[in-house]
Amino acid sequence: MQKMIINSDIVVGKISKNIFGHFAEHLGRCIYEGIWVGRDSKIPNTNGIRNDVIEALRKLQVPVLRWPGGCFADEYHWKDGVGPYEKRPQMINTHWGGVVENNHFGTHEFLEFCELIGAEPFISGNVGSGTVREMQEWIEYLTFDGESPMANWRRKNGRKEPWKIPFFGIGNENWGCGGNMRPEFYADQFLRYNTYVRNLSGNRIYRIACGPSDHNYRWTEVLMKQAGYAMDGLSLHYYTIPGPHWGDKGSATDFGEAEWFTTMRKTMYMEELITRHSTIMDVYDPKKRVGLIIDEWGIWSNVEPGTNPGFLYQQNTLRDALVAGINLNIFNNHCQRVKMANIAQMVNVLQAVIHTNGEQMMLTPTYHVFEMYKVHQNAELVHLHLETTEYKHGNESIPQISVSASKNEAGDLHISICNLNPNESAKLCCDLRGGEYVRVQGRVLTAETINAHNTFEEPERVIPQEFSNARIEEEKLFANIPAKSVVVLKLKAK
Ligand code: AHR
């Protein structure tokens with residue numbers, strides 16, 4: 001039995017809608033084919049952007065989208081991606097498959113895409129191979145209202161009004177693909193570049209510094225100490241690798257319970273990472289002004305056999321749905337410090353929410369988790385106490401369930417629950433304190449097998465179903481959460 005107490009009158013914090021953000025890089029078939037098909041394509045599009053993808057993403061209420069990378073960001077020169085297409089130079093995407101990048105999807109196209117799906121833009125600037133001037137001029141091009149060379153060039157390229165750019169990243173993974181820097185050196189670079197990322201014409205930029213990967217606690221320590229005062233957010237990257245190591249990341253679909261268990265365990269490690277990085281941040285920023293921005297997360301497996309290894313195309317199974325549900329619960333529960341997260345990546349790459357194949361489009365199990373969890377966006381995280389049983393495998397064990405709960409403006413409670421155990425359902429008994437509820441309804445995402453997934457031929461094998469196995473009785477909620485499932489319950493306030 002899983003015992004839980006929810007104190008819905010104790011609000012822990014606001015769950016920023018940006019926790020449900022996404023990331024799209026010039027990598028494989030994410031931008032080209034997945035989002036951008038060009039104006040002359042037979043695939044129905046709006047100014048070159050696929051209509052089917054726009055429609056699916058609008059339903060998700062994508063709050064924020066990070067672009068153009070990733071590692072690509074520190075090789076990207078924005079001036080190559082504006083103006084007439086025939087004048088845009090081609091380059092080689094050295095990081096990702098060595099393919100030709102024609103720069104047809106650039107600043108204007110990205111910002112139109114954001115407008116079409118209703119997302120706020122988060123642009124990553126180039127620190128690794130770009131100049132301070134280049135970054136300064138990009139900000140001027142994007143946001144300056146008055147007379148200036150860059151603002152005039154923007155107008156000449158068809159955009160009269162400046163855009164609002166709420167989020168700007170100053171480099172990406174500068175400890176690695178973004179320039180192999182030491183934290184001391186990067187902290188100085190951050191301060192230097194950041195000086196010229198100006199708030200122009202009423203636009204206010206939330207400045208995100210490159211943070212650590214995984215358990216590089218020293219990076220966080222140095223950045224917070226040297227430059228914490230000048231940043232609004234510090235990023236953190238952590239991927240769940242189902243296989244034994246980066247050289248063998250494991251198959252996306254061909255796995256048994258051992259790999260399932262390892263994946264769940266490694267996903268739960270996000271809890272420790274956030275707790276420990278936050279503890280360091282608390283020393284330098286006790287008021288929690290600086291957000292921890294998990295701007296790359298998700299499962300990273302081997303690519304699908306026969307596909308370009310540099311394109312990072314992988315299938316998405318019920319296991320991915322659990323990885324998404326667990327991570328999002330962790331982010332919700334840390335909403336005092338975690339102000340944004342961006343799953344890697346939006347379409348056709350890593351833990352994508354959408355797959356495309358020519359004219360076809362398919363929603364993955366991860367898409368459905370984001371759709372089910374959107375009720376948490378901007379809601380209030382409420383206090384909960386959980387005593388869960390353990391899911392044991394071999395000599396190891398992890399908690400059987402992962403939960404977060406929030407209250408919306410109407411006072412309705414949403415509880416998202418993941419049952420990590422693929423063999424046993426979880427009986428839940430929850431004391432409902434601090435609020436009165438008249439009924440409960442819910443949806444569940446599960447399947448017959450742990451590696452069930454959608455395909456273009458069978459796109460609805462893993463989709464949410466109505467969940468009727470929950471009831472409220474005398475201020476208690478009872479539910480039976482199926483094995484290997486993600487459930488979201490709505491408790492209607494009296
Ligand atoms: O998301 C794929 C890659 O992972 C990104 O380009 C990089 O930032 C990270 O290492």
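In this text the structure is predicted, and so the values were computed from the model without any measurement. These numbers come from the heavy atoms of this one structure, side chains and all, not from hydrogens, waters or symmetry mates. Both counts, for ligands and for their atoms, begin at 1 and track the order of listing.
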Give the numbers and elements of all ligand 1 atoms closer than 4.0 Å to a heavy atom of [X].
X	value
Q345	1 (O), 2 (C)
G70	5 (C), 6 (O), 8 (O)
E296	1 (O), 3 (C), 4 (O), 5 (C), 7 (C), 8 (O), 9 (C)
L350	1 (O), 2 (C)
C71	5 (C), 6 (O), 7 (C), 8 (O)
F23	1 (O)
N172	8 (O)

- [ ] Measure from NZ or CZ of R319 to the centre of the six-membered ring of F255 and say whether it is under 6.0 Å with the direction within 45° of the ring axis.
- [x] yes
Open item on the list: Less than 6.0 angstrom from the centroid, inside 45 degrees of the normal: does R66 satisfy that with respect to the ring of F167?
Closed with: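 Because its charged atom misses either the 6.0 Å distance or the 45° angle limit, R66 does not stack over F167.
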Open item on the list: When you compare ligand 1 with E173, is there at least one nitrogen or oxygen pair between them that comes in under 3.5 angstrom?
Closed with: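 Yes, E173 has an N/O under 3.5 Å of an N/O on ligand 1.
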Open item on the list: Considering both backbone and side-chain atoms of H237, is one of its nitrogen or oxygen atoms within less than 3.5 Å of a nitrogen or oxygen in ligand 1?
Closed with: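 N/O-N/O distance under 3.5 Å: no.
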Task: Aromatic plane relationship, F370 with H22 - under 30° parallel, 30 to 60° tilted, over 60° perpendicular - done: tilted
Give the contacting part of [X] toward ligand 1: side chain, backbone, both or neither, where contact means a heavy-atom distance below 4.0 Å.
X	answer
H95	neither
V349	neither
W297	neither

TODO: Output the distance between atom CG (N327) and atom CG (L322), rounded to the nearest 0.5 Å.
DONE: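 One finds 11.0 Å between CG of N327 and CG of L322.
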Task: Approximate separation, where rounding is to 0.5 Å, of T220 OG1 and K225 NZ - done: 14.0 Å
Open item on the list: Between E137 and R154, is the salt bridge (Lys or Arg N to Asp or Glu O under 4.0 Å) condition met? List the steps.
Closed with: CA-CA 11 Å; E137 289 183 335; R154 180 192 70 233; over 6 Å; no
Task: Nearest non-hydrogen protein atom, atom 1 (O) of ligand 1 - done: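 Residue, atom and distance for the closest contact: Y239 OH, 2.8 Å.
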TODO: Report yes or no: does a heavy atom of F72 sit under 4.0 Å from some atom of ligand 1?
DONE: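 Contact check F72 vs ligand 1: negative.
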- [ ] Mark yes or no for whether R88, through its side chain, and K79, through its backbone, hold a donor-acceptor pair below 3.5 Å.
- [x]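 Not confirmed, R88 side chain does not pair with K79 backbone.
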Open item on the list: Keeping T279 on the side-chain end and T275 on the backbone end, is there a donor-acceptor pair under 3.5 Å?
Closed with: yes
Task: E55, CD: over 12 other non-hydrogen atoms inside 6.0 angstrom - done: no
